[in-house]
Amino acid sequence: MECRYYQRLDDGAVECRLCPHHCHIAEGKSGICRSRSNHEGVLVSEVYGKPCALAIDPVEKKPLYHFHPGTTCLSIACTGCNFRCLNCQNHDISQASPADADYYELVPEAVVALCLKHHCPGIAYTYTEPLTYLEYVTDTARLAHEAGLWNILVTAGYVCQQPLKDLLPYLDAANIDLKSFSDDIYRKVSGGRLQPVLDTILAMRDAGVWIELTNLIIPGTNDDLQMVRQMCRWLVENNLADAPLHFSRFFPRYKMQNTPPTPLQTLRSAKRVAEEEGIRHVYLGNV
């Protein structure tokens, strides 16, 4: 499947225009996400119609607590991520190449049919980074809306504005992983930048997408309460005081095996700070 967001270069390489990395990809190579490759000067999605994970989940697992609570969703994921988070809990699929993972063959029409068959009211694009296979998500989400289903995006939010704009009309809700409120931490832990994530949050707000946010608090990394306060203050100043905020407990994962679990008192303190700054719905996760 040819990708929609790229530019051909004079030397046979291509520049991917999907996310802020703007990967320059030589013939036969893939971008940072591993799922978008250069085939003779054409950028191709290696995972379109090839989800590696399918499940029926409660919507609260996304986590979404204020969007159709008590219902289920068909969760779907393909391999790939444009971050390299040292603490990734799904690294076996998010950091895998498409060739290294088993997959189902499900075109968008088949995903919608499967959702209807199992009487799920909506589809969640989740587990990995769905924005790296945005064409598949957009095509599926459009058909889902036509069938009366809603669409959930669980994402780190690292995407360029034009591709996101093409997807937004079909999104109903999103949980955005706001990893910290520090560009330096984003660089060191995830290999990305903070501002594009904030831009994604604001674009979703303006489009009327229901937003909930997750902040995984990692001891010694992003547990500074003053930074938590700055994050919450930014949310309130940008009319997101009603967006539920989930502070999630870290457990040793992937390349952060030597970091201890988050103390419960740290989460409780973060919750207190968020409420002091005016966040109206604050939840603690992984506790």
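Predicted model only: the values in this text are computed from it and were never measured.
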Is the backbone of W234 close enough, under 3.5 Å, to the side chain of N238 for a donor and an acceptor to pair up by distance?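 A pair under 3.5 Å: yes.
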Polar side-chain atom of N151 near backbone of Y170 as donor-acceptor pair, under 3.5 Å: yes
[X] side chain to [Y] side chain, donor-acceptor N/O pair below 3.5 angstrom:
X	Y	result
N82	T132	no
D172	H145	yes
S75	K62	yes
S45	E135	no
T214	N175	yes
S94	T128	no
Y127	D57	yes

Taking it one step at a time, do Y283 and Y65 satisfy ring-ring contact (aromatic ring centres under 6.0 Å, His included)? CA-CA 9 Å; Y283 301 98; Y65 284 7; 4.8 Å; yes
Are L74 and L106 connected in the hydrophobic side-chain network, where two residues link if heavy atoms are under 4.5 Å apart? yes
Should L267 and M231 be regarded as members of a common hydrophobic cluster, given that ILVMFWY residues are connected when their side-chain heavy atoms come within less than 4.5 Å of each other, either directly or indirectly?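 Yes, same cluster.
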Heavy-atom distance under 4.5 Å between the side chains of F83 and K179, does that happen here? yes
Taking side-chain hydrogen bond (donor to acceptor under 3.5 Å, both in side chains) as the criterion, tell me which of T79, T155, N90 meets it with E129. T155
Sequence neighbours excluded - salt bridge (charged side-chain N to carboxylate O under 4.0 Å, His left out) pairs with any residue from residues 270-279: R229-E276, R229-E277, R233-E277, K271-E275, R272-E276
Per the salt bridge (charged side-chain N to carboxylate O under 4.0 Å, His left out) rule, what does the pair list look like for residues 189-214, sequence neighbours excluded?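 Pairs touching residues 189-214 that pass the test: D183-R193.
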Do other residues, nucleotides or ligands put more than 12 heavy atoms under 6.0 Å from the CD atom of E146? yes
Among V14, D11, N38, which residue meets the side chain to side chain contact (heavy atoms under 4.5 Å, CB included) test with E27? N38
